[in-house]
Amino acid sequence: MMLIPAHHFRDIERKPEYLQPEKCVPPPHPGPVGTMWFIRDGCGIACAIVTWILVLYAEFVVLFVMLIPSRDYVYSVINGIVFNLLAFLALASHCRAMLTDPGAVPKGNATKEFIESLQLKPGQVVYKCPKCCSIKPDRAHHCSVCKRCIRKMDHHCPWVNNCVGENNQKYFVLFTMYIALISLHALIMVGFHFLHCFEEDWTNLLQAYGIFREEAAEARISLHEKKQPLKVSSTECSSFSPPTTVILLILLCFEGLLFLIFTSVMFGTQVHSICTDETTIERLKRKNQPRQRTGSWKSVKETFGGNFSLNWFNPFSRPCQPESPSERELVQQVTSLSDMDNTETTEEQLEEKEEEEKDSVEVVNE
(Lines give C-alpha, C1' and ligand atoms only; values in the text may rest on other atoms or scores of the structure.)
Protein backbone atom coordinates (compact mmCIF):
# COMPACT_ATOMS: atom_id res chain seq x y z
CA MET A 1 0.00 0.00 0.00
CA MET A 2 1.38 3.42 -0.94
CA LEU A 3 2.29 5.73 1.94
CA ILE A 4 1.19 9.30 1.39
CA PRO A 5 2.04 12.12 3.81
CA ALA A 6 -1.06 13.68 5.28
CA HIS A 7 0.05 17.24 4.51
CA HIS A 8 -0.36 16.47 0.81
CA PHE A 9 -4.03 15.58 1.19
CA ARG A 10 -6.56 17.92 -0.33
CA ASP A 11 -9.46 19.81 1.25
CA ILE A 12 -8.74 18.65 4.80
CA GLU A 13 -11.71 17.84 7.02
CA ARG A 14 -11.62 15.61 10.07
CA LYS A 15 -15.36 15.29 10.59
CA PRO A 16 -16.71 12.16 8.91
CA GLU A 17 -20.09 13.88 8.77
CA TYR A 18 -18.71 16.05 5.96
CA LEU A 19 -19.06 13.08 3.66
CA GLN A 20 -22.84 13.15 4.06
CA PRO A 21 -23.16 9.52 3.00
CA GLU A 22 -26.90 9.58 3.61
CA LYS A 23 -27.24 11.89 0.57
CA CYS A 24 -25.55 9.43 -1.75
CA VAL A 25 -27.81 7.31 -3.91
CA PRO A 26 -26.70 3.67 -4.05
CA PRO A 27 -24.91 2.85 -7.31
CA PRO A 28 -27.04 1.35 -10.06
CA HIS A 29 -26.70 -2.27 -11.00
CA PRO A 30 -23.88 -2.77 -13.48
CA GLY A 31 -25.00 -3.02 -17.07
CA PRO A 32 -24.49 -6.07 -19.24
CA VAL A 33 -20.98 -6.96 -20.28
CA GLY A 34 -19.92 -5.14 -23.43
CA THR A 35 -22.16 -2.11 -22.91
CA MET A 36 -20.91 0.71 -25.11
CA TRP A 37 -19.45 3.78 -23.42
CA PHE A 38 -20.57 7.04 -25.00
CA ILE A 39 -20.55 10.61 -23.67
CA ARG A 40 -23.61 12.67 -24.62
CA ASP A 41 -21.85 16.01 -24.96
CA GLY A 42 -22.94 18.28 -27.80
CA CYS A 43 -19.57 19.96 -28.23
CA GLY A 44 -17.70 16.66 -28.12
CA ILE A 45 -20.04 15.02 -30.63
CA ALA A 46 -19.64 17.99 -32.99
CA CYS A 47 -15.84 17.85 -32.70
CA ALA A 48 -15.83 14.10 -33.36
CA ILE A 49 -17.99 14.59 -36.47
CA VAL A 50 -15.69 17.38 -37.70
CA THR A 51 -12.71 15.04 -37.22
CA TRP A 52 -14.29 12.42 -39.46
CA ILE A 53 -15.27 15.04 -42.06
CA LEU A 54 -11.71 16.37 -42.25
CA VAL A 55 -10.26 12.88 -42.68
CA LEU A 56 -12.82 12.05 -45.37
CA TYR A 57 -12.06 15.35 -47.14
CA ALA A 58 -8.38 14.45 -47.24
CA GLU A 59 -9.36 11.02 -48.56
CA PHE A 60 -11.43 12.62 -51.34
CA VAL A 61 -8.68 15.02 -52.46
CA VAL A 62 -5.93 12.41 -52.35
CA LEU A 63 -7.91 9.87 -54.37
CA PHE A 64 -9.91 11.92 -56.86
CA VAL A 65 -7.61 14.89 -57.37
CA MET A 66 -4.13 13.35 -57.18
CA LEU A 67 -4.05 9.56 -57.46
CA ILE A 68 -6.84 8.41 -59.78
CA PRO A 69 -6.10 10.91 -62.63
CA SER A 70 -2.39 10.08 -62.51
CA ARG A 71 -0.96 8.02 -65.37
CA ASP A 72 1.65 6.43 -63.08
CA TYR A 73 -0.38 3.47 -61.86
CA VAL A 74 2.35 2.05 -59.61
CA TYR A 75 2.66 5.41 -57.84
CA SER A 76 -1.11 5.67 -57.46
CA VAL A 77 -1.61 2.13 -56.17
CA ILE A 78 1.20 2.24 -53.62
CA ASN A 79 0.29 5.66 -52.22
CA GLY A 80 -3.41 4.82 -52.29
CA ILE A 81 -2.90 1.66 -50.24
CA VAL A 82 -0.61 3.39 -47.73
CA PHE A 83 -2.86 6.43 -47.28
CA ASN A 84 -6.07 4.42 -46.98
CA LEU A 85 -4.50 2.02 -44.49
CA LEU A 86 -3.31 4.89 -42.30
CA ALA A 87 -6.70 6.63 -42.56
CA PHE A 88 -8.51 3.43 -41.59
CA LEU A 89 -6.26 2.89 -38.57
CA ALA A 90 -6.69 6.53 -37.54
CA LEU A 91 -10.49 6.36 -37.67
CA ALA A 92 -10.51 2.97 -35.93
CA SER A 93 -8.31 4.38 -33.15
CA HIS A 94 -10.64 7.37 -32.89
CA CYS A 95 -13.66 5.11 -32.45
CA ARG A 96 -11.92 2.97 -29.83
CA ALA A 97 -10.78 6.05 -27.90
CA MET A 98 -14.29 7.50 -28.02
CA LEU A 99 -16.28 4.35 -27.20
CA THR A 100 -14.00 2.79 -24.56
CA ASP A 101 -14.59 3.31 -20.85
CA PRO A 102 -11.50 5.33 -19.84
CA GLY A 103 -11.58 3.92 -16.29
CA ALA A 104 -14.68 5.33 -14.63
CA VAL A 105 -15.01 4.86 -10.88
CA PRO A 106 -18.34 3.30 -9.80
CA LYS A 107 -20.76 6.16 -9.29
CA GLY A 108 -22.59 6.59 -5.98
CA ASN A 109 -20.62 4.04 -3.94
CA ALA A 110 -19.93 6.53 -1.11
CA THR A 111 -22.96 5.30 0.82
CA LYS A 112 -23.10 4.96 4.56
CA GLU A 113 -23.16 1.19 4.34
CA PHE A 114 -20.12 1.09 2.06
CA ILE A 115 -18.12 3.45 4.27
CA GLU A 116 -18.95 1.38 7.33
CA SER A 117 -17.92 -1.78 5.50
CA LEU A 118 -14.43 -0.35 5.03
CA GLN A 119 -13.97 -0.41 8.83
CA LEU A 120 -11.56 2.49 8.87
CA LYS A 121 -8.92 2.43 11.59
CA PRO A 122 -7.09 5.38 13.18
CA GLY A 123 -4.77 6.92 10.60
CA GLN A 124 -6.65 5.57 7.59
CA VAL A 125 -8.24 7.94 5.08
CA VAL A 126 -10.54 7.72 2.07
CA TYR A 127 -11.40 10.30 -0.54
CA LYS A 128 -14.94 11.05 -1.57
CA CYS A 129 -16.00 13.02 -4.62
CA PRO A 130 -19.00 15.21 -3.68
CA LYS A 131 -19.88 15.68 -7.36
CA CYS A 132 -20.49 12.05 -8.34
CA CYS A 133 -20.67 10.72 -4.77
CA SER A 134 -18.01 8.07 -5.21
CA ILE A 135 -15.04 6.89 -3.19
CA LYS A 136 -11.98 7.79 -5.25
CA PRO A 137 -8.95 5.54 -5.56
CA ASP A 138 -5.47 6.97 -5.85
CA ARG A 139 -4.75 9.09 -8.98
CA ALA A 140 -8.43 9.40 -9.88
CA HIS A 141 -9.86 12.78 -10.90
CA HIS A 142 -13.37 14.03 -11.57
CA CYS A 143 -14.30 15.08 -15.11
CA SER A 144 -17.00 17.73 -15.30
CA VAL A 145 -17.92 16.68 -18.86
CA CYS A 146 -18.14 12.93 -18.28
CA LYS A 147 -19.60 13.59 -14.80
CA ARG A 148 -17.54 10.73 -13.45
CA CYS A 149 -14.28 10.18 -11.62
CA ILE A 150 -11.73 8.67 -14.01
CA ARG A 151 -8.81 6.52 -12.89
CA LYS A 152 -5.44 7.89 -14.00
CA MET A 153 -7.19 10.65 -15.95
CA ASP A 154 -4.86 12.56 -18.28
CA HIS A 155 -7.31 15.08 -19.76
CA HIS A 156 -10.67 15.33 -21.48
CA CYS A 157 -10.32 15.55 -25.24
CA PRO A 158 -13.30 16.99 -27.17
CA TRP A 159 -11.92 15.61 -30.46
CA VAL A 160 -12.58 12.06 -29.24
CA ASN A 161 -15.53 13.11 -27.05
CA ASN A 162 -14.09 11.25 -24.08
CA CYS A 163 -11.59 11.40 -21.28
CA VAL A 164 -8.13 9.94 -21.81
CA GLY A 165 -7.55 7.51 -18.95
CA GLU A 166 -5.84 4.26 -18.14
CA ASN A 167 -8.15 2.13 -20.33
CA ASN A 168 -8.09 4.14 -23.58
CA GLN A 169 -4.79 6.06 -23.55
CA LYS A 170 -3.33 3.58 -26.03
CA TYR A 171 -6.08 4.32 -28.56
CA PHE A 172 -5.63 8.07 -28.16
CA VAL A 173 -1.86 7.78 -28.72
CA LEU A 174 -2.44 5.69 -31.86
CA PHE A 175 -5.03 8.19 -33.08
CA THR A 176 -2.61 11.11 -32.80
CA MET A 177 0.19 9.08 -34.40
CA TYR A 178 -1.83 7.94 -37.42
CA ILE A 179 -3.33 11.42 -37.98
CA ALA A 180 0.19 12.88 -37.96
CA LEU A 181 1.36 10.23 -40.45
CA ILE A 182 -1.49 10.73 -42.94
CA SER A 183 -1.04 14.51 -42.66
CA LEU A 184 2.66 14.18 -43.49
CA HIS A 185 1.90 11.74 -46.31
CA ALA A 186 -0.70 14.08 -47.81
CA LEU A 187 1.67 17.05 -47.69
CA ILE A 188 4.39 15.07 -49.46
CA MET A 189 1.99 13.95 -52.20
CA VAL A 190 0.72 17.50 -52.70
CA GLY A 191 4.29 18.71 -53.12
CA PHE A 192 5.05 16.07 -55.76
CA HIS A 193 1.76 16.81 -57.47
CA PHE A 194 2.52 20.50 -57.84
CA LEU A 195 6.05 19.84 -59.09
CA HIS A 196 4.97 17.20 -61.60
CA CYS A 197 1.81 18.69 -63.01
CA PHE A 198 1.91 22.45 -62.91
CA GLU A 199 4.18 23.28 -65.85
CA GLU A 200 3.23 20.48 -68.23
CA ASP A 201 -0.48 19.85 -67.93
CA TRP A 202 -2.04 22.77 -66.16
CA THR A 203 -0.80 25.30 -68.70
CA ASN A 204 -2.83 23.51 -71.36
CA LEU A 205 -5.82 23.25 -69.05
CA LEU A 206 -5.69 26.96 -68.25
CA GLN A 207 -5.70 27.72 -71.96
CA ALA A 208 -8.61 25.34 -72.45
CA TYR A 209 -10.71 27.17 -69.87
CA GLY A 210 -10.24 30.60 -71.46
CA ILE A 211 -7.36 32.18 -69.63
CA PHE A 212 -5.99 33.34 -72.97
CA ARG A 213 -9.29 34.37 -74.52
CA GLU A 214 -7.93 37.74 -75.54
CA GLU A 215 -5.37 36.06 -77.79
CA ALA A 216 -8.13 33.82 -79.16
CA ALA A 217 -10.29 36.84 -79.93
CA GLU A 218 -7.48 38.54 -81.79
CA ALA A 219 -7.02 35.42 -83.87
CA ARG A 220 -10.76 35.58 -84.65
CA ILE A 221 -11.51 32.10 -83.41
CA SER A 222 -15.18 31.36 -83.83
CA LEU A 223 -17.47 31.00 -80.84
CA HIS A 224 -18.14 27.45 -81.86
CA GLU A 225 -14.44 26.62 -81.79
CA LYS A 226 -14.10 28.21 -78.37
CA LYS A 227 -16.72 25.93 -76.93
CA GLN A 228 -15.06 22.83 -78.27
CA PRO A 229 -13.10 21.00 -75.58
CA LEU A 230 -9.38 21.32 -76.04
CA LYS A 231 -7.49 18.06 -76.24
CA VAL A 232 -4.78 17.80 -73.66
CA SER A 233 -2.05 15.30 -73.12
CA SER A 234 -2.64 11.98 -71.45
CA THR A 235 -0.68 13.17 -68.46
CA GLU A 236 -3.61 15.24 -67.20
CA CYS A 237 -3.23 15.45 -63.40
CA SER A 238 -6.76 16.30 -62.34
CA SER A 239 -10.30 15.75 -63.56
CA PHE A 240 -11.31 19.11 -62.03
CA SER A 241 -10.76 22.57 -63.41
CA PRO A 242 -7.42 24.20 -62.55
CA PRO A 243 -8.90 26.77 -60.12
CA THR A 244 -10.89 24.07 -58.33
CA THR A 245 -7.87 21.79 -58.18
CA VAL A 246 -5.65 24.53 -56.75
CA ILE A 247 -8.24 25.45 -54.10
CA LEU A 248 -8.71 21.81 -53.05
CA LEU A 249 -4.96 21.25 -52.78
CA ILE A 250 -4.37 24.48 -50.84
CA LEU A 251 -7.09 23.54 -48.35
CA LEU A 252 -5.56 20.09 -47.99
CA CYS A 253 -2.13 21.66 -47.39
CA PHE A 254 -3.55 23.93 -44.69
CA GLU A 255 -5.40 21.05 -43.03
CA GLY A 256 -2.41 18.71 -43.22
CA LEU A 257 0.05 21.24 -41.82
CA LEU A 258 -2.29 22.23 -38.98
CA PHE A 259 -3.03 18.66 -37.91
CA LEU A 260 0.55 17.54 -38.37
CA ILE A 261 1.75 20.13 -35.85
CA PHE A 262 -1.14 19.60 -33.43
CA THR A 263 -1.13 15.81 -33.37
CA SER A 264 2.68 15.59 -33.29
CA VAL A 265 2.73 17.74 -30.16
CA MET A 266 -0.06 15.68 -28.58
CA PHE A 267 1.69 12.43 -29.48
CA GLY A 268 4.96 13.60 -27.93
CA THR A 269 3.16 14.81 -24.80
CA GLN A 270 1.36 11.50 -24.35
CA VAL A 271 4.51 9.43 -24.86
CA HIS A 272 6.31 11.59 -22.31
CA SER A 273 3.46 11.15 -19.83
CA ILE A 274 3.53 7.38 -20.28
CA CYS A 275 7.31 7.13 -19.91
CA THR A 276 7.36 9.31 -16.78
CA ASP A 277 4.20 7.69 -15.36
CA GLU A 278 2.74 11.14 -14.76
CA THR A 279 -0.52 12.36 -16.26
CA THR A 280 -1.07 15.87 -17.54
CA ILE A 281 -3.25 16.73 -14.54
CA GLU A 282 -0.61 15.46 -12.13
CA ARG A 283 2.06 17.46 -13.92
CA LEU A 284 0.00 20.65 -13.77
CA LYS A 285 -0.78 20.13 -10.07
CA ARG A 286 2.67 18.95 -9.11
CA LYS A 287 3.66 20.00 -5.59
CA ASN A 288 6.92 18.08 -5.17
CA GLN A 289 5.02 15.39 -3.35
CA PRO A 290 6.61 11.94 -3.18
CA ARG A 291 4.87 9.24 -5.16
CA GLN A 292 5.87 5.77 -6.16
CA ARG A 293 6.14 5.60 -9.93
CA THR A 294 6.21 2.69 -12.31
CA GLY A 295 9.36 2.29 -14.38
CA SER A 296 9.33 3.80 -17.86
CA TRP A 297 9.38 0.51 -19.78
CA LYS A 298 6.88 -1.12 -17.46
CA SER A 299 4.51 1.83 -17.82
CA VAL A 300 4.78 1.65 -21.62
CA LYS A 301 4.04 -2.09 -21.62
CA GLU A 302 1.02 -1.61 -19.36
CA THR A 303 -0.35 1.11 -21.63
CA PHE A 304 0.13 -0.71 -24.95
CA GLY A 305 -0.51 -4.26 -23.77
CA GLY A 306 2.49 -6.44 -22.96
CA ASN A 307 5.88 -6.81 -24.59
CA PHE A 308 6.67 -5.03 -27.83
CA SER A 309 4.83 -6.45 -30.82
CA LEU A 310 2.72 -5.34 -33.76
CA ASN A 311 -0.27 -5.30 -31.42
CA TRP A 312 1.11 -2.07 -30.01
CA PHE A 313 0.06 -0.41 -33.29
CA ASN A 314 -3.22 -2.30 -33.56
CA PRO A 315 -6.26 -0.29 -32.37
CA PHE A 316 -8.25 -3.52 -32.08
CA SER A 317 -5.97 -5.09 -29.46
CA ARG A 318 -6.60 -4.25 -25.83
CA PRO A 319 -4.08 -2.76 -23.41
CA CYS A 320 -3.42 -4.46 -20.09
CA GLN A 321 -6.74 -4.09 -18.35
CA PRO A 322 -6.20 -3.21 -14.67
CA GLU A 323 -8.44 -4.79 -12.12
CA SER A 324 -11.14 -2.69 -10.53
CA PRO A 325 -9.92 -1.07 -7.30
CA SER A 326 -10.57 -3.25 -4.31
CA GLU A 327 -11.74 -1.93 -0.95
CA ARG A 328 -8.18 -1.99 0.34
CA GLU A 329 -7.02 0.24 -2.50
CA LEU A 330 -9.68 2.80 -1.62
CA VAL A 331 -8.25 3.18 1.88
CA GLN A 332 -4.96 5.01 2.26
CA GLN A 333 -2.66 5.06 5.26
CA VAL A 334 -1.24 8.15 6.92
CA THR A 335 2.51 7.95 7.53
CA SER A 336 2.54 9.18 11.10
CA LEU A 337 0.62 11.16 13.68
CA SER A 338 3.11 14.00 13.35
CA ASP A 339 2.03 14.42 9.75
CA MET A 340 -1.55 14.62 10.93
CA ASP A 341 -0.58 17.39 13.36
CA ASN A 342 1.13 19.24 10.54
CA THR A 343 -2.06 18.85 8.55
CA GLU A 344 -4.06 20.67 11.18
CA THR A 345 -1.75 23.69 11.08
CA THR A 346 -2.00 24.01 7.30
CA GLU A 347 -5.71 23.36 6.98
CA GLU A 348 -6.69 26.99 6.51
CA GLN A 349 -3.90 27.58 4.00
CA LEU A 350 -4.99 24.60 1.92
CA GLU A 351 -8.58 25.79 1.92
CA GLU A 352 -7.49 29.21 0.65
CA LYS A 353 -4.88 28.17 -1.93
CA GLU A 354 -6.31 24.92 -3.24
CA GLU A 355 -9.93 25.71 -3.98
CA GLU A 356 -9.59 24.15 -7.40
CA GLU A 357 -8.96 20.77 -5.73
CA LYS A 358 -12.12 20.61 -3.64
CA ASP A 359 -13.29 17.49 -5.38
CA SER A 360 -12.04 15.16 -2.67
CA VAL A 361 -12.17 14.87 1.10
CA GLU A 362 -10.00 13.34 3.76
CA VAL A 363 -11.84 11.29 6.35
CA VAL A 364 -10.01 10.13 9.47
CA ASN A 365 -11.66 7.63 11.77
CA GLU A 366 -10.60 8.83 15.21
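- With values rounded to the nearest 0.5 angstrom, S296 atom OG is found 9.0 Å from H272 atom NE2.
- Of all heavy-atom pairs between G165 and I150, the closest is CA-CG2, 4.3 Å.
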Verify side-chain contact (heavy atoms from CB on, under 4.5 Å) between L91 and T51, making sure each step is shown before the conclusion.
CA-CA 9 Å; L91 294 179; T51 301; 5.6 Å; no
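- Distance check, rounded to the nearest 0.5 Å: SG of C143 to NZ of K131 gives 10.0 Å.
- Side-chain atoms of N162 come within 3.5 Å of backbone N or O of A97 as a donor-acceptor pair.
- At a cut-off of 3.5 Å, with distance as the only test, no side-chain donor of H94 or W159 sits close to an acceptor on the other residue.
- Within the model, atoms CE of M66 and CG of L248 stand 10.0 Å from one another, a figure rounded to the nearest 0.5 Å.
- For the pair F240 and F64, the tightest heavy-atom approach, listed with the atom from each and the gap, is CE1-O, 3.7 Å.
- Inter-residue side-chain proximity for V62 and N79 is flagged as unmet; no heavy-atom pair is nearer than 4.5 Å.
- At least one donor-acceptor pair closer than 3.5 Å links the side chain of S299 to the backbone N or O of I274.
- Here the closest non-hydrogen pair linking E282 and R139 is OE2-NE, 2.7 Å.
- Closest heavy-atom contact between A104 and R148: CB-NH2, 3.6 Å.
- Here CZ of F192 is found 12.5 Å from OG of S70. Values are rounded to the nearest 0.5 Å.
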Given side-chain contact (heavy atoms from CB on, under 4.5 Å), test S273 with E278 step by step and report yes or no.
CA-CA 5 Å; S273 297; E278 184 179 47; 5.9 Å; no
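- A centroid separation of less than 6.0 Å is found between the aromatic rings of H155 and F172.
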Starting from the C-alpha separation in whole Å, work towards a yes-or-no answer on side-chain contact (heavy atoms from CB on, under 4.5 Å) for K136 and K128.
CA-CA 6 Å; K136 298 170 63 174; K128 178 256 185 179; over 6 Å; no
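- Between P137 and V105 there is a side-chain heavy-atom pair separated by less than 4.5 Å.
- Both M189 and I68 belong to a single network of hydrophobic side chains, linked directly or stepwise wherever heavy atoms of I, L, V, M, F, W or Y lie under 4.5 Å apart.
- When atom types are taken as modelled, the side chain of S317 and the backbone of N311 share a donor-acceptor pair closer than 3.5 angstrom.
- With a 4.5 Å cut-off on side-chain heavy atoms, C149 and H141 do not count as touching.
- Side-chain atoms of N161 never come within 3.5 Å of backbone atoms of M98 as a donor-acceptor pair (strictly under, hydrogens ignored).
- In this structure, L249 and F194 have side chains that are in contact, with non-hydrogen atoms separated by less than 4.5 Å.
- Taken together through direct or relayed side-chain contacts under 4.5 Å among Ile, Leu, Val, Met, Phe, Trp and Tyr, V82 and L187 form part of one hydrophobic cluster.
- Judged purely by atom type and a 3.5 angstrom limit, W312 uses its side chain to pair as donor or acceptor with the backbone of N307.
- Each of V74 and V77 belongs to its own hydrophobic cluster when Ile, Leu, Val, Met, Phe, Trp and Tyr are linked at side-chain heavy-atom distances under 4.5 angstrom.
- Side-chain N or O atoms of R96 include none that pairs as donor or acceptor with a backbone N or O of N168 at under 3.5 Å.
- More than 12 heavy-atom neighbours from other residues, nucleotides or ligands sit within 6.0 angstrom of CZ on F38.
- V160 and L258 are members of different hydrophobic clusters when ILVMFWY side chains are connected at heavy-atom separations under 4.5 Å.
- Under the 4.5 Å side-chain criterion, counting only non-hydrogen atoms from C-beta, F175 is not in contact with M266.
- Remark: side-chain polar atoms of T279 are not paired, donor with acceptor, to backbone N or O of D154 under 3.5 angstrom.
- Using modelled atom types and a 3.5 Å distance limit, the side chains of T244 and S241 yield a donor-acceptor pair.
- A pairwise comparison of heavy atoms in G256 and S183 identifies O-CB, 3.4 Å as the closest pair.
- Across L181, T176, L174, a single residue satisfies side-chain contact (heavy atoms from CB on, under 4.5 Å) together with F267, and that is T176.
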side-chain contact (heavy atoms from CB on, under 4.5 Å) between R151 and D138, intermediate numbers included:
CA-CA 8 Å; R151 297 192 302 271; D138 187 34; over 6 Å; no
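- P319 places a side-chain heavy atom less than 4.5 Å from the side chain of Y171.
- Under 3.5 Å, the side chains of N167 and T100 contain no donor-acceptor pair of N or O atoms.
- Placement of L67 and Y73 in two distinct hydrophobic clusters is found when ILVMFWY residues are connected by side-chain heavy-atom separations under 4.5 Å, directly or transitively.
- Rounding to the nearest 0.5 Å gives a distance of 11.5 Å between CD of E255 and CG of L260.
- The two residues I182 and I179 come nearest to each other via the heavy atoms CG1-O, 3.3 Å.
- Side-chain contact between S93 and Y178 is present, with at least one heavy-atom pair separated by less than 4.5 Å.
- Partner D277 forms a salt bridge (Lys or Arg N to Asp or Glu O under 4.0 Å) with one of K152, K298, R283 and no other, that one being K152.
- Between the OG1 atom in T263 and the CD atom in Q270 there is a gap of 12.0 Å [rounded to 0.5 Å].
- The shortest distance between side-chain heavy atoms of F60 and L56 does not fall below 4.5 Å.
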